[in-house]
Amino acid sequence: MFNKRVKIKELLATEPTGQEVTVMGWVRTFRNNQFIALNDGSTNNNLQIVVELGMLDEATLKRITTSASLKVTGECIPSLGKGQKMEIKAKSIEILGDSDPEQYPIQPKKHSLEFLREKAHLRFRTNTFAAVFRIRHTLAFAIHKFFHEKGFVYMHTPVITASDAEGAGEMFRVTTLPMDNPPRNEDGTIDFKEDFFGRSTNLTVSGQLEGELAATAFSEIYTFGPTFRAENSNTARHLAEFWMIEPEMAFCDIEDNMNLAEEFIRYVIKYALEHNREDIEFLAQRLAEEEKSLPQDKRSELGLLEKLDFVVNNNFERITYTEAIDILLQSPAYKKKKFQYEVKWGIDMQSEHERYLVEKHFKKPVIVTNYPKDIKSFYMRLNEDGKTVAAMDILAPGIGEIVGGSQREERYDVLVEKMNAMGIPTEELWWYLDTRRFGTVPHAGFGLGFERLVLFVTGMTNIRDVIAFPRTPKSAEF
Ligand code: 4AD
Ligand code: MG
């Protein structure tokens, strides 16, 4: 029965010639007991169903309410309505599922994003979220396509691990030990030998270390999976569970790494522009409306489409960390004491600094390289100066850091020395060090935060609105 269904998007792309079709979807609105706007999630364009007078009894008409699900069979005819070339003259209408209008929480009117976040189980049925999640899908597909076409091997790295890839200690523990009475060692500490894996384990913060193992065999790999961080950052850019794409390339230096990252970002944005044009246009319109209520200086200079076209057609700016600090120190913002946080060589740049560079100074994405070694992870390659590492962060307008990457330290001795200095346990990472003992090669990679990319492409401003069911401090509903 169901496979005879036509998707509304496909149907709207054809000519109405009186052909009979069956469509299914959810009611958006029902006007004058006559016009049903039906949506099946394939597009934001609703299909108009015309109900002839007397076709349905009073009781059935009453059941055609917002979000009720219907099966409709009828004839495709040209529409006289504005903005639609086709409508369906219904022959039969079957109600698959009722939706009590007294109880259904989402009305056909504008709701705030905050309100819809509380109703995340139903928010896909709104135009904004439908557009966001179709774009999210397209971007995910484009990512696989990009790497596949380049011959990268897709690796599934473990979700449960015993190591802290970033060495930042922001991990969620995984355990089956009883919380109320865990087994203890003589000194009172918890005895993880009794735990499920016989050791202490956590959810992965990054697949990079395992990715490096694979890259030093396949030459080029990528991961695309969920990662978890127990950082208590309650911001519009941080999630406790987010998806990350991590390519890792052997025979590759920081320069090659930057080139790939730039090509990659341009490719996936272009793909979304080509394949989700309507949805991006819808969100561009939405953003423009939203921004009308903001003061002039808070509005974006470019509309969403212009911004994306600009990124696709222009090179990213490339500067060193030292140059970035100099620009900040020379800036009017610094001189007028507009920055809340200190600026000097050695700081971990705050988001106000990154945003100044990207939004005020360069007005385009910026790749910052060669950061001080003390503020970056242990695996990054030490530069000749002995003070900086071959790291690269890509900063995007409106987002801040969207990519973090580096050339890796491939020299065994230098790596071990660095791990010791930073308190990273070499004995636990024996397998990682083995890549440096057996056929080590210059290699590099980066991590792109998928939700930050989706934010950038959709013009949404809160990361909770671009992942289906956000996990953030004190929140894990659904
Ligand atoms: O800069 P990060 O921590 O780098 C790594 O994890 C490396 N292992 C990547 C690599 O070289 N293979 O994270 C990479 C990116 C960030 O630039 C950001 O886009 C995203 O992951 N990210 C987050 N996104 C959402 N919520 C969070 N809490 C995030 N933390 C990082
Ligand atoms: Mg980073």
Side-chain angles (χ1 to χ4, degrees), residues 139 143 147 152 155 157 161 163-172 203-215 220-249 252 254 256-258 260-261 264-265 268 321 348-351 354 358 365-369 371-372 375-381 389-396 398-409 424 432 443-457 460 462-467 470-473 475:
L139 287 169
I143 287 163
F147 288 118
F152 284 52
M155 292 300 301
T157 50
T161 143
S163 57
D164 177 1
E166 290 303 301
E170 294 169 330
M171 298 168 300
F172 287 100
L203 294 177
T204 186
V205 293
S206 157
Q208 180 194 319
L209 303 192
E210 290 89 353
E212 285 185 53
L213 309 181
E220 294 178 321
I221 66 98
Y222 70 106
T223 73
F224 187 170
T227 46
F228 307 86
R229 298 208 181 165
E231 55 186 330
N232 214 344
S233 303
N234 223 334
T235 78
R237 307 274 175 273
H238 288 88
L239 290 164
E241 175 180 297
F242 63 99
W243 286 67
M244 188 155 46
I245 297 97
E246 297 185 273
E248 190 70 33
M249 294 77 66
C252 178
I254 183 96
D256 304 318
N257 202 21
M258 285 192 272
L260 182 84
F264 168 58
I265 292 174
V268 298
Y321 170 90
D348 200 359
M349 278 191 275
Q350 297 292 322
S351 101
E354 298 180 339
V358 176
V366 178
I367 313 185
V368 183
T369 53
Y371 283 79
I375 57 167
K376 288 288 184 188
S377 299
F378 69 91
Y379 50 72
M380 297 189 179
R381 192 177 196 280
V389 285
M392 57 160 231
D393 276 9
I394 303 185
L395 314 177
I399 309 286
E401 181 189 334
I402 190 165
V403 162
S406 71
Q407 186 170 337
R408 317 307 188 190
E409 185 54 77
I424 307 290
Y432 182 69
H443 64 291
F446 63 85
L448 170 87
F450 187 48
E451 284 74 21
R452 294 198 184 167
L453 173 73
V454 182
L455 274 179
F456 189 73
V457 176
M460 300 297 282
N462 194 311
I463 202 161
R464 292 166 181 79
D465 297 330
V466 298
I467 186 163
R471 268 74 182 105
T472 52
S475 165

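Computation of the quantities below employed the complete heavy-atom set of this structure, encompassing side-chain atoms and omitting hydrogens, waters and symmetry-equivalent molecules. Atoms within each ligand, like the ligands themselves, are counted from 1 in listed order.
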Please list, in number order, the atoms of ligand 1 under 4.0 Å from a heavy atom of [X].
X	value
Gly404	1 (O), 9 (C), 10 (C), 11 (O), 17 (O)
Gly449	15 (C), 19 (O), 20 (C), 21 (O)
Gly405	11 (O)
Val403	17 (O)
Tyr379	7 (C), 8 (N)
Arg237	25 (C), 26 (N)
Glu231	27 (C), 28 (N), 30 (N)

Look at [atom] and say which protein heavy atom is nearest, naming residue and atom and giving the distance to 0.1 Å.
atom	value
atom 6 (O) of ligand 1	Arg229 NH2, 2.8 Å
atom 22 (N) of ligand 1	Phe242 CE1, 3.4 Å
atom 5 (C) of ligand 1	Glu166 OE2, 3.4 Å

* **Any side-chain donor near an acceptor of the partner, Glu212 and Tyr379, under 3.5 Å** => no
* To do: Answer yes if the side chains of Ser163 and Thr161 hold a donor-acceptor pair under 3.5 Å, and no otherwise.
  => yes
* Quick check: does Glu401 put an N/O/S atom under 2.8 Å from the Mg ion (ligand 2)? -> yes
* **Nearest-option assignment for atom 16 (C) of ligand 1, heavy atoms, candidates Glu212, Glu451, Glu401** => Glu401
* Option with minimal heavy-atom separation from atom 11 (O) of ligand 1, where the choices are Glu246, Arg408, Glu248 -> Arg408
* Go through the steps to decide whether Phe172 and Phe228 satisfy the test ring pair (Phe, Tyr, Trp, His ring centres under 6.0 Å), and finish with yes or no. => CA-CA 7 Å; Phe172 287 100; Phe228 307 86; 7.1 Å; no
